[in-house]
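We count residues from 1, following the sequence as given. Both backbone and side-chain heavy atoms feed into the values below; hydrogens, waters and symmetry mates do not.
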Amino acid sequence: MGLLQLLKSQFLCHLIICYVFLVSGLIINLLQLCTLPLWTVSKQLARRINIRLAYCITSQMVAALEWWSGTECTLYTDPKSYPLYGKENAIVVLNHTFDIDFLCGWTFCERFGVLGSSKVLAKKELSYVPVIGWMWYFLEIVFCKRKWEEDRSMVTKSLQKLQDYPENFWFLLYCEGTRFTPKKHKISMQVAESKGLAKLKYHLLPRTKGFWVTAQNLRGTAAAVYDSTLNFRNDEAPTLRGILNGKKYHADLYVRRIPLELVPEDEAECAAWLHKLYQEKDDFQEHYTQTGRFPGPTVSPPRRPWSLINWLFWSCLLLYPLGLLLTQLISSGSLLTIVASLAVCSAVSFGVRWMIGQTEIHRGSSYGNKEVPLNNN
């Protein structure tokens with residue numbers, strides 16, 4: 001292990017990275033709150049400001065993946081589609097298998113310049129979470145309660161608000177609704193058997209209603225569906241903890257561009273179309289498992305320097321006053337002050353470890369774990 005790699009594995013470095021992320025995130029949340037009066041004067045200007053404020057938060061996590069761990073990303077795609085990425089609105093359908101697949105989705109957005117404006121369909125509880133959740137609220141993220149009767153009108157209304165969005169955006173959608181685990185897969189395939197649907201080997205059954213509503217309400221706004229399938233070389237299962245330790249991974253992402261007009265408008269036909277799409281995704285995963293690559297030509301989209309510049313800016317801004325504060329506390333010689341400082345650091349350390357743990361698969365949502373037939377929404 002080299003000196004630099006040894007340094008990256010130290011928890012003190014992890015603590016510094018998380019401190020910068022959390023404190024800068026709360027500052028940005030406050031700045032977003034200050035944009036509220038602007039919405040009544042110029043909604044589009046408020047949106048553009050919030051896109052850039054959101055980028056200041058999400059790009060820090062992308063910088064950890066791209067610059068701190070040095071993870072590489074190879075894109076398998078049609079050369080004719082490649083020039084359109086980042087130049088149009090799109091619905092991005094992602095598989096939900098790895099701890100950091102959300103982060104790879106953000107990296108995909110960053111390399112094509114739409115990270116700040118990217119959208120997701122997220123559970124309502126996340127809107128109350130500081131930093132990411134509050135940022136999403138101002139970014140007009142679409143929230144749902146996973147109760148279709150309540151979600152339909154709320155999701156429809158949120159999606160229709162995006163029709164006049166001032167910048168290109170990608171709407172990232174995990175149609176499986178929850179992260180893949182063997183238990184959830186077993187239950188999902190029981191549902192497939194009971195409904196006469198084709199079984200999948202590497203995916204859960206897609207929740208078709210959410211996709212249909214998204215496609216219907218973004219017609220005329222989004223130009224295409226980007227069917228995206230992610231894998232990591234050497235059967236690695238990357239984690240956020242590994243990223244913070246500076247471990248380098250190599251991601252392979254297969255993307256197909258499907259014009260949105262090819263997606264059926266009828267709900268039943270759209271559901272059948274999505275199930276067929278996931279059967280094809282399963283075939284792509286099988287091809288990767290057997291050959292170590294996806295079909296088609298490859299390209300490596302270049303890293304952009306802005307995520308690193310943003311992280312360095314916030315680090316310089318926040319670490320200098322922290323260093324002064326710690327120096328003053330230590331030089332004061334007060335035992336009580338030093339003990340209190342150590343207690344705060346320990347609490348922050350515990351909090352950081354807890355937050356990292358929440359991204360791991362075994363800590364994921366219990367959604368899809370019920371030992372009963374699931375309503376395929």
Do the side chain of [X] and the main chain of [Y] share a donor and acceptor less than 3.5 angstrom apart?
| X | Y | value |
| --- | --- | --- |
| Thr71 | Ser69 | no |
| Thr77 | Val255 | yes |
| Asp266 | Ala268 | yes |
| Asp252 | Asn231 | no |
| Ser117 | Asn168 | yes |
| His287 | Arg293 | yes |
| Arg304 | Glu110 | yes |
| Thr239 | Gly242 | yes |
| Trp106 | Asp101 | no |
| Asn89 | Thr221 | yes |

Step-by-step side chain to side chain contact (heavy atoms under 4.5 Å, CB included) determination, Leu26 to Val131: CA-CA 6 Å; Leu26 291 173; Val131 185; 4.1 Å; yes
Verdict with reasoning, Leu253 to Cys104, per side chain to side chain contact (heavy atoms under 4.5 Å, CB included): CA-CA 9 Å; Leu253 183 66; Cys104 291; over 6 Å; no
Pair Phe138 + Trp39: ring centers closer than 6.0 Å: no
Within the 6.0 Å centroid threshold, strictly below: Phe180 and Tyr174: no
Criterion side chain to side chain donor-acceptor pair (under 3.5 Å) against Asp282, the qualifying member of His203, Lys199, Lys201: His203
Basic-acidic side-chain contact under 4.0 Å: Lys184, Glu176: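 Salt bridge: no.
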Sidechain N-carboxylate O distance under 4.0 Å for Asp227, Lys281: yes
Any heavy-atom pair between the side chains of [Y] and [X] that's under 4.5 Å?
| X | Y | answer |
| --- | --- | --- |
| Met135 | Ile28 | no |
| Trp273 | Thr208 | no |
| Phe102 | Val120 | no |
| His275 | Pro206 | yes |
| Phe143 | Ser158 | no |
| Ile51 | Tyr165 | yes |

So, for [X] and [Y], which heavy atoms are closest and what is the spacing to 0.1 Å?
| X | Y | value |
| --- | --- | --- |
| Thr40 | Pro37 | OG1-O, 2.7 Å |
| Ser307 | Trp67 | OG-NE1, 3.3 Å |
| Asn245 | His14 | OD1-CE1, 2.8 Å |
| Asp99 | Pro238 | CB-O, 3.5 Å |
| Leu230 | Ala251 | CD1-CB, 4.0 Å |
| Ser24 | Gln60 | OG-NE2, 2.8 Å |

Applying a strict under-4.5 Å side-chain criterion to I, L, V, M, F, W and Y, I'd like to know whether [X] and [Y] cluster together.
| X | Y | value |
| --- | --- | --- |
| Leu173 | Phe284 | no |
| Leu84 | Leu172 | no |
| Val213 | Leu262 | yes |
| Leu33 | Val129 | no |
| Met189 | Tyr202 | no |

Atom [atom1] of [X]: over 12 foreign heavy atoms under 6.0 Å:
| X | atom1 | value |
| --- | --- | --- |
| Gln160 | CD | yes |
| Tyr137 | OH | no |
| Asp164 | CG | yes |

Stepwise side chain to side chain contact (heavy atoms under 4.5 Å, CB included) check, Tyr278 with Asn95: CA-CA 9 Å; Tyr278 267 76; Asn95 57 320; 5.9 Å; no
Thr178 and His96 side chains, donor-acceptor separation under 3.5 Å: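 No, no side-chain donor-acceptor contact under 3.5 Å.
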Asn29 and Gln32 side chains, donor-acceptor separation under 3.5 Å: yes
From CA spacing to verdict: salt bridge (Lys or Arg N to Asp or Glu O under 4.0 Å), Arg233, Glu72: CA-CA 10 Å; Arg233 295 184 186 177; Glu72 299 287 346; over 6 Å; no
Just verifying a value: how many Å separate [X] [atom1] and [Y] [atom2], rounded to the nearest 0.5 Å?
| X | Y | atom1 | atom2 | answer |
| --- | --- | --- | --- | --- |
| Met61 | Phe21 | CE | CZ | 5.5 Å |
| Ile132 | Ile141 | CD1 | CD1 | 10.0 Å |
| Gln44 | Ile49 | CD | CD1 | 12.0 Å |
| Cys109 | Tyr55 | SG | OH | 11.5 Å |
| Thr58 | Trp136 | OG1 | CH2 | 10.0 Å |
| Phe11 | Leu244 | CZ | CG | 9.0 Å |

The single option from Lys119, Arg47, Lys161 passing salt bridge (charged side-chain N to carboxylate O under 4.0 Å, His left out) against Glu140: Arg47
All pairs passing ring-ring contact (aromatic ring centres under 6.0 Å, His included) where residues 292-330 contributes a residue, at least two apart: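 For residues 292-330, and leaving out neighbouring residues, the ring-ring contact (aromatic ring centres under 6.0 Å, His included) pairs sorted by first residue read Tyr76-Phe294, Tyr254-Phe294, Tyr288-Phe294.
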Whether Phe108 and Tyr226 hold their rings parallel, tilted or perpendicular, with breakpoints at 30° and 60°: tilted
Set of salt bridge (charged side-chain N to carboxylate O under 4.0 Å, His left out) partners for Glu267, sequence neighbours left out: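 Glu267 satisfies salt bridge (charged side-chain N to carboxylate O under 4.0 Å, His left out) with Lys209 once adjacent residues are dropped.
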Chi angles and distances behind the side chain to side chain contact (heavy atoms under 4.5 Å, CB included) call for Phe211, Leu277: CA-CA 12 Å; Phe211 175 81; Leu277 182 80; 5.8 Å; no
